Protein chains: 2
Amino acid sequence: MQKRTDHEAALRRSGLKSTKHRTAILDILEQSDQPMAAEQVYLELGDQKIGVSLSTVYRVLESLLDKNLVTKLSMSISGDNRAYFEYNRKSHRHYLVCLGCKKIKAIEHCPLKNYEEALEREMNYTIEGHKLDIYGYCPACQEHEK
Amino acid sequence: MQKRTDHEAALRRSGLKSTKHRTAILDILEQSDQPMAAEQVYLELGDQKIGVSLSTVYRVLESLLDKNLVTKLSMSISGDNRAYFEYNRKSHRHYLVCLGCKKIKAIEHCPLKNYEEALEREMNYTIEGHKLDIYGYCPACQEHEK
DNA sequence: ATGCAAATGCGAACCATTCGCATCAGAGGA
DNA sequence: TCCTCTGATGCGAATGGTTCGCATTTGCAT
Ligand SMILES: [Mn+2]
Ligand SMILES: [Mn+2]
Ligand SMILES: [Zn+2]
Ligand SMILES: [Zn+2]
């Protein structure tokens with residue numbers, strides 16, 4: 001976990017004012033092991049006695065997204081139709097999603113380093129990053145199938 | 001492109017009744033080189049003089065999704081917040097997305113076959129598939145940067 | 001042909017997200 | 001430290017993609 005001052009610095013570097021809401025939201029997302037919906041972030045702020053309006057949470061998330069401090073997931077987690085956000089660890093993470101219980105596990109190792117470079121040459125693109133989601137059934141859900 | 005009868009068969013195999021709306025929607029998604037939003041599908045049906053209500057389009061897409069005949073990629077394409085659907089080619093596709101012009105290119109080769117198998121053993125998961133999106137800048141947008 | 005469950009049309013409801021506008025607060029300069 | 005100005009926030013209303021309720025129609029098995 002980073003120290004608060006790192007988040008303040010990151011905000012300034014991005015040209016965003018450092019506010020208690022923004023640092024708190026970055027803290028919350030950084031400490032979460034799961035991507036979070038705006039409302040979850042809002043509720044967590046409430047638990048921490050940090051008064052904030054839901055629209056501010058949306059606006060903060062959007063500006064953090066603009067500045068690439070957080071990312072927005074492109075998959076729907078639980079079949080519902082809302083957006084999930086995660087702290088942008090520059091070492092990107094990959095997810096293993098259980099199709100049964102919808103639990104999400106982060107995968108540490110990246111199998112795509114070499115592939116990206118090959119692709120850059122082959123397609124003449126400048127590659128900035130990637131997202132990889134792998135779908136399957138966790139051990140518990142395989143058991144439950146029987 | 002598959003023949004219509006193939007879509008009818010796929011529907012029956014999935015336990016869905018074969019209707020003109022469903023086969024038409026499968027045809028449209030299969031022939032599209034881009035994921036489509038529900039409304040785009042609806043408009044295309046209109047162009048083809050196939051009268052249908054928008055709620056039916058949503059319901060058809062959802063049942064096709066349940067049966068894995070299409071896939072859903074929620075909110076990532078143009079910054080807007082609606083769901084996009086694509087025909088589920090069993091040979092899954094990977095996308096190369098330009099961060100500049102937002103164009104999406106399909107990538108044919110899959111670099112993850114071996115990795116999936118290793119992951120199955122290591123994590124005790126049953127892997128069903130994966131999605132891979134690679135982000136970067138296309139040749140044209142690199143030019144435009146200068 | 002008949003019967004029944006599933007599919008559809010239509011409008012209303014839902015709800016995550018966005019907006020408008022008045023007020024407040026962070027950051028830099030005086 | 002105080003001022004000033006721009007950007008951030010609160011609050012409520014509006015928006016718009018998606019879902020629902022219910023009456024009607026259609027696919028398909030018998
Ligand atoms: Mn990777
Ligand atoms: Mn692949
Ligand atoms: Zn599971
Ligand atoms: Zn481009």
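For clarity, every value in this text was computed on a predicted model and none was experimentally measured. Because only heavy atoms are used, hydrogens play no part in the values below, and waters and symmetry mates are left out as well, while side chains stay in. Throughout, a chain's letter reflects where its sequence line sits, starting with A, and its residues are numbered from 1.
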With sequence neighbours excluded, tell me which residues meet side chain to side chain contact (heavy atoms under 4.5 Å, CB included) with [X].
X	answer
Thr56(B)	His21(B), Val52(B), Ser53(B), Arg59(B), Val60(B)
Thr71(A)	Glu86(A), Asn88(A)
Ser18(A)	Glu8(A), Leu11(A), Arg12(A), Thr23(A)
Gln40(A)	Met36(A), Ala37(A), Tyr84(A)

Spacing of [X] atom [atom1] relative to [N] atom [atom2], expressed in whole Å:
X	N	atom1	atom2	answer
Ile25(B)	dA7(C)	CD1	P	13 Å
Met36(B)	dG17(D)	CE	P	15 Å
Leu64(B)	dA6(C)	CG	P	17 Å
Leu11(B)	dG27(D)	CG	P	13 Å
Arg82(B)	dG17(D)	CZ	P	6 Å
Asn81(A)	dT15(D)	CG	C1'	15 Å
Ile50(A)	dT9(D)	CD1	P	12 Å

Residues of residues 53-63 of chain B with any non-hydrogen atom less than 4.0 angstrom from an atom of DNA chain C: list those, numerically ordered, please.
Ser53(B), Ser55(B), Thr56(B), Arg59(B), Val60(B)
Just to be sure I understand the geometry, which residues of residues 37-48 of chain B put a non-hydrogen atom under 4.0 Å away from DNA chain C?
none
Using a cutoff of under 3.5 Å, can you pull out all pairs of nitrogen or oxygen atoms linking the protein to nucleotides 26-30 of chain C, with atom names and distances?
{"residue": "dA27(C)", "atom": "OP1", "partner": "Arg12(A)", "partner atom": "NE", "Å": "3.3"}
{"residue": "dA27(C)", "atom": "OP1", "partner": "Ser18(A)", "partner atom": "N", "Å": "3.1"}

Answer yes or no: is there a donor N or O on one side and an acceptor on the other, between the side chain of [X] and the main chain of [Y], under 3.5 Å?
X	Y	value
Arg89(A)	Glu30(A)	yes
Glu128(B)	Tyr135(A)	no
Ser32(B)	Ile28(B)	no

Any side-chain heavy-atom pair of [X] and [Y] under 4.5 Å:
X	Y	result
Arg22(A)	Ser63(A)	yes
Ile134(A)	Leu112(B)	no
Ile127(B)	Leu96(A)	yes

Under 4.0 angstrom between His21(A) side-chain N/O and dT9(D) OP1 or OP2:
yes
Look at the side-chain N and O atoms of Arg22(A) and state whether any lies under 4.0 Å from the OP1 or OP2 oxygen of dA8(D).
yes
Residue set satisfying side-chain hydrogen bond (donor to acceptor under 3.5 Å, both in side chains) with Thr126(B), at least two apart, ordered chain then number -> Gln142(A)
Partners of Glu44(A) by side-chain hydrogen bond (donor to acceptor under 3.5 Å, both in side chains), sequence neighbours excluded?
Gln48(A)
What bend angle does the helix from dA1(C)-dT30(D) to dA30(C)-dT1(D) show across its length, from five-pair end axes and to the nearest 10 degrees?
40°
Is the distance between the ring centroids of His94(A) and His130(A) less than 6.0 Å?
yes
Who are the salt bridge (charged side-chain N to carboxylate O under 4.0 Å, His left out) partners of Glu39(A), not counting sequence neighbours?
Arg82(A)
